[in-house]
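Note that these values count all heavy atoms, side chains included, but never hydrogens, waters or copies made by symmetry.
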Amino acid sequence: MPSVFARLLCRRGYVLVHQGQREISQRYGVSFRGTVLAHRRYSSSVNDILIGKQTSSERHGSQKKKAQPHSAREVKISSSNTNFYDIDTIDSSLSPEEWGMMKAQFKHPQDFERKAMERLIRNPSFSVAESLMTYIAEEGRKPRYGVLYSYLAICVKCEMYGEMFRVYAELRRMGKMLDPNLLATLIKGFCGTDRWKESLEFLKVVKVLGKAYSRHYNHIIIAAMDHGEKQLGMSLLEEMISTGLTPSDECYGAVMRTLSLAEDEDRVYSIFERMRNNVEFPSQSLALHIKEWFEGKKTEKWTGAFTSIHSSGHCRVCDTRLEGTDLTDEEFQLLHDSVLRRVIHGKDIFRSTTPKELKKFLDFIKDHHDYDVVVDGLNVAYTYGTKQKKYSRTLLKVVEHLAKQLGLRVLVLGRKHMKAGTSAHGAWRHSDMDTIESQADLFLTDDVSKDDPYLLSATLSCGPHARFISGDFMRDHKALLDQFVQQLFLKWLRGHQMKLLSLSYGAPIFSDVHTFDIVVQQTQNTWHFPYDNGEPRQGLEGPDKWLCVRRGN
């Protein structure tokens, strides 16, 4: 039997079928010299046939058709077999009869049109959506608001602006212009046309209804810049930023394309400064815009290159030493006080502990604040002790390495079950815990308590030199801090948090702390931008890709 080769081509749903000429000719009534390109409507029965499967009735009941003359041709699968859940894979319109048949089989017919339009938004085909509107009209019904809203979104995505204007007029007649989501869609659509300035009226309505968000500003700013309305665009950008909103990369890119003259440089530099202050990482496409902006300057020669930073903190292109992660004395004190006030003494702290336990901990830290490293006992124990349930043994190896081999003063934070539940051979062994306690100080909280606030507070109370070991991302605690203190918190984390990566022949291997800060940085002749290339990152980690821009040759 000749081999069968089927391949789905992603958007259009084509199937490339490669099978013996005679069998294909008999089954489909078409001639093949090697391949047939068939338009597929995702019918499961048709799919089974194309990949060489047949039901019992098909094997015994199907009749052979006469082969056509030798020629490759496109075979269109009947859309009458289309399943509702596959309509977003169709490219061509459906007839009213086909929509009617599909609706008759739908579990909740009263919601059919709305659900169908919502599904079409995923992978919009204007012709399919338009045919659904035709079906509704031929039945003598008017589409509901939900159907019109989704249809409008499809028109915008497919750039069918004439139809978009018609739907907009219908929505105005219905008095449905007070939905912020609808207004955001209209803003995006109108900004793609010569009527883009009308989107300013939509923005005003949004502000009357409540707070405007980034999606309400971005497209208007882009349209203003692209149409030469520089002052309007910058005014909206400054208004947007002043309310705490973050422009999209596309918005930043449009601004930079427009602000190319020498008198506009300060405005661009203020954008870079904002990226630094808010710890924003531009996308790779925006990093390219930044590179082109510098290299396009008429008054000075700048050269940009994409690179990475050496572990020593030096740029691999220009050898500039980036800023470190150490805080000034004032910054460290501010961070220390903020964590104690917001995280330890905050209004939500007693969801994590009890007043009695909190007082016990604060008294303990007051008398013990000279540790070199604080260990998140449970986090470390569970990192590599889970498989064989040797939690105490994993923790012991870490403590022995820190205390005996490196000579550091160690504090281990944990929970009471680490000692109360010990046994001679269990996951928490008596002998291991006794050895840990002989080499490090041990502070145990109630089993229902969260130890992260204690971990941060203990480390900060030990001074700028102290580090801590934990794999926790600390997102919740960062969110409790003011924006400026959040920047200090991130900087401090990068220079003071270590993570247990593995145990190699019984010896723990930790992640390196960063020797440089991951923010936009400037010197007299260089700029360095950490940018996001789309690769996944864990927790609060910054990207490892950088744009280096330097003045001169």
Participant: Which atom pairs, one a donor and one an acceptor, fall under 3.5 Å between side chains of residues 150-159 and the rest of the protein, sequence neighbours left out?
Facilitator:
{"from": "Ser150", "atom 1": "OG", "to": "Gly146", "atom 2": "O", "distance (Å)": "3.3"}
{"from": "Tyr151", "atom 1": "OH", "to": "Glu163", "atom 2": "OE2", "distance (Å)": "2.7"}
{"from": "Lys157", "atom 1": "NZ", "to": "Ile121", "atom 2": "O", "distance (Å)": "3.3"}

Participant: Does a side chain donor of either Tyr252 or Arg274 reach within less than 3.5 Å of an acceptor in the other side chain?
Facilitator: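 Judged by distance alone, the side chains do pair up.
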Participant: Between Arg550 and Thr303, is there a side-chain donor-acceptor contact under 3.5 Å, judged purely by atom types and distance?
Facilitator: no
Participant: Which residues satisfy the ring pair (Phe, Tyr, Trp, His ring centres under 6.0 Å) test with His227, sequence neighbours excluded?
Facilitator: Trp196
Participant: Go through it in stages, so that I can follow the logic: the residues are Asp264 and Lys230, the test is salt bridge (charged side-chain N to carboxylate O under 4.0 Å, His left out), and I'd like the CA-CA distance, side-chain angles, deciding distance and then a yes or no.
Facilitator: CA-CA 10 Å; Asp264 297 323; Lys230 184 166 58 176; 3.2 Å; yes
Participant: For the side chain of Gln497 and the backbone of Ser470, is there at least one donor-acceptor N/O pair under 3.5 Å apart?
Facilitator: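 Such a contact is found between Gln497 side chain and Ser470 backbone.
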Participant: Mark yes when over 12 heavy atoms from residues, nucleotides or ligands other than Asp476 sit less than 6.0 Å from its CG; otherwise mark no.
Facilitator: no
Participant: Has the side chain of Asp517 got a donor or acceptor atom that lies under 3.5 Å from a matching backbone atom of Val519?
Facilitator: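 Not a single qualifying donor-acceptor pair exists.
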Participant: Just so I know, are the side chains of Met133 and Leu148 near enough to count as touching, which here means a heavy-atom distance under 4.5 Å?
Facilitator: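 Yes. Closest side-chain heavy atoms under 4.5 Å.
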Participant: Do Asp376 side-chain atoms and Ile469 backbone N/O form a donor-acceptor pair below 3.5 Å?
Facilitator: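 Judged by distance alone, no pair lies under 3.5 Å.
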Participant: Is His216 reaching over with its side chain to a backbone N or O of Pro180, donor-acceptor style, under 3.5 angstrom?
Facilitator: yes
Participant: So, do Leu237 and Cys251 sit near enough that their side-chain heavy atoms are less than 4.5 Å apart?
Facilitator: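 The answer is yes; the side chains approach within 4.5 Å.
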Participant: Considering residues at least two apart in sequence or located in another chain, which fulfil the side chain to side chain donor-acceptor pair (under 3.5 Å) criterion with Ser131?
Facilitator: Trp99
Participant: Ignoring hydrogens and geometry beyond distance, is a side-chain donor-acceptor pair present between Asn181 and Tyr149 at under 3.5 Å?
Facilitator: no
Participant: Do Asp91 and Ser127 have side-chain heavy atoms sitting under 4.5 Å apart?
Facilitator: no
Participant: Measure the shortest side-chain to side-chain distance between Leu178 and Val205 over non-hydrogen atoms and say whether it is less than 4.5 angstrom.
Facilitator: yes
Participant: So, for Thr307 and Cys315, which heavy atoms are closest and what is the spacing to 0.1 Å?
Facilitator: CG2-SG, 4.0 Å
Participant: Donor-acceptor check, side chain of Ser270 to backbone of Arg267, threshold 3.5 angstrom: yes or no?
Facilitator: yes
Participant: Taking Pro464's backbone N and O only, do any of them form a donor-acceptor pair with His496's side chain (distance below 3.5 Å, no angle check)?
Facilitator: yes
Participant: Assess Arg195 against Phe165: is NZ or CZ under 6.0 Å from the centre of the six-membered ring, and within 45 degrees of the ring's axis?
Facilitator: yes
Participant: Taking atom types as modelled and ignoring hydrogens, do the side chains of Asp249 and Ser283 form a donor-acceptor contact shorter than 3.5 angstrom?
Facilitator: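 Side chains of Asp249 and Ser283: pair found under 3.5 Å.
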Participant: Determine yes or no for a side-chain-to-main-chain donor-acceptor pair under 3.5 angstrom, with Thr89 supplying the side chain and Asp86 the backbone.
Facilitator: yes
Participant: Looking at Glu229 and Lys197, is there a salt bridge between them, counting it only when a charged N and a carboxylate O are closer than 4.0 Å?
Facilitator: yes
Participant: Would a distance-only check, ignoring hydrogens and angles, find a side-chain to backbone donor-acceptor pair under 3.5 Å from Asn278 to Glu280?
Facilitator: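 Not a single qualifying donor-acceptor pair exists.
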Participant: Any side-chain heavy-atom pair from Phe489 and Met474 closer than 4.5 angstrom?
Facilitator: yes
Participant: Contact between Arg551 and Lys301 at the side-chain level, heavy atoms closer than 4.5 Å - yes or no?
Facilitator: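 Side chain of Arg551 against side chain of Lys301, heavy atoms only: no contact under 4.5 Å found.
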Participant: Would you mind reporting whether Leu232 and Leu200 have side-chain heavy atoms less than 4.5 Å apart?
Facilitator: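 Yes, side chains in contact.
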Participant: Search all heavy atoms of Gly253 against all heavy atoms of Leu286 and return the closest pair with its distance.
Facilitator: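 Closest approach of Gly253 to Leu286, heavy atoms only: N-CD1, 3.8 Å.
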Participant: Can any side-chain N or O of Asp482 pair as donor or acceptor with the backbone N or O of Phe484 at less than 3.5 Å?
Facilitator: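 Judged by distance alone, no pair lies under 3.5 Å.
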Participant: Please evaluate residues Glu535 and Lys545 with respect to the criterion salt bridge (charged side-chain N to carboxylate O under 4.0 Å, His left out), reporting the C-alpha separation (whole Å), side-chain torsions for both, the decisive distance (0.1 Å), and the verdict.
Facilitator: CA-CA 10 Å; Glu535 294 180 358; Lys545 305 298 182 184; 5.1 Å; no
Participant: In terms of side-chain heavy atoms, does Gln522 have a donor or acceptor partner in Tyr269 at a distance below 3.5 Å?
Facilitator: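 Note: Gln522 and Tyr269 side chains miss the donor-acceptor criterion.
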Participant: Going through the distances and angles, do Phe281 and Tyr531 end up as a ring-ring contact (aromatic ring centres under 6.0 Å, His included)?
Facilitator: CA-CA 5 Å; Phe281 305 127; Tyr531 68 90; over 10 Å; no
Participant: Please report the shortest heavy-atom distance between Thr526 and Thr320, naming the atom on each side.
Facilitator: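 Looking at all heavy atoms of both residues, the shortest contact is CG2-OG1, 3.7 Å.
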Participant: For Glu292 and Lys297, what are the C-alpha separation, side-chain angles and deciding distance, and is it a salt bridge (charged side-chain N to carboxylate O under 4.0 Å, His left out)?
Facilitator: CA-CA 9 Å; Glu292 291 172 347; Lys297 294 178 70 171; over 6 Å; no
Participant: Is it true that atom NZ of Lys103 has more than 12 heavy atoms of other residues, nucleotides or ligands lying nearer than 6.0 Å?
Facilitator: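 Yes - once you tally the heavy atoms of other residues, nucleotides and ligands closer than 6.0 Å, there are more than 12.
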Participant: So, does Glu295 use its side chain to make a donor-acceptor pair with the main chain of Gly304 at under 3.5 Å?
Facilitator: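 Answer holds: yes.
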Participant: Specify the closest pair of heavy atoms between Pro247 and Asn218, including all atoms of both residues, with the distance to one decimal.
Facilitator: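 Residues Pro247 and Asn218, closest heavy atoms: CA-OD1, 3.5 Å.
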Participant: How about Tyr168 and Phe190: are their ring centroids closer than 6.0 Å?
Facilitator: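 Yes - the distance between ring centres of Tyr168 and Phe190 falls below the 6.0 Å cut-off.
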Participant: Can you tell me how the ring of Phe272 sits relative to the ring of Phe294, calling it parallel under 30°, perpendicular over 60° and tilted otherwise?
Facilitator: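 Rings of Phe272 and Phe294: parallel, as their planes differ by under 30°.
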Participant: Between the side chains of Glu139 and Tyr135, does any donor sit under 3.5 Å from an acceptor?
Facilitator: yes
Participant: Any cation-pi pair here, Lys176 with Tyr145, using under 6.0 Å and within 45°?
Facilitator: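 Pair Lys176/Tyr145 counts as cation-pi.
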Participant: Using a strict cut-off of less than 4.0 Å between a Lys/Arg side-chain nitrogen and an Asp/Glu carboxylate oxygen, indicate whether Glu239 and Lys207 qualify as a salt bridge.
Facilitator: yes
Participant: Search all heavy atoms of Ala254 against all heavy atoms of Asp226 and return the closest pair with its distance.
Facilitator: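 Minimum heavy-atom separation between Ala254 and Asp226: CB-OD1, 4.4 Å.
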Participant: Around atom NZ of Lys204, are there more than 12 heavy atoms from other residues, nucleotides or ligands closer than 6.0 Å?
Facilitator: no
Participant: Between the side chains of Asp337 and Gln333, is a donor N or O closer than 3.5 angstrom to an acceptor N or O?
Facilitator: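 A pair is found: one side chain offers a donor N or O, the other an acceptor, under 3.5 Å apart.
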Participant: Strictly below 4.0 Å, N to O, side chains only: are Arg166 and Glu170 in salt-bridge contact?
Facilitator: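 Looking at Glu170 together with Arg166, the answer is no, because their closest N to O distance does not fall below 4.0 Å.
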Participant: Do you know which of Arg141, Arg144, Lys142 makes salt bridge (charged side-chain N to carboxylate O under 4.0 Å, His left out) with Glu113?
Facilitator: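 Single salt bridge (charged side-chain N to carboxylate O under 4.0 Å, His left out) partner of Glu113 among Arg141, Arg144, Lys142: Arg141.
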Participant: His336 and Ser461: which non-hydrogen atoms are nearest, and at how many Å?
Facilitator: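 Looking at all heavy atoms of both residues, the shortest contact is NE2-OG, 3.6 Å.
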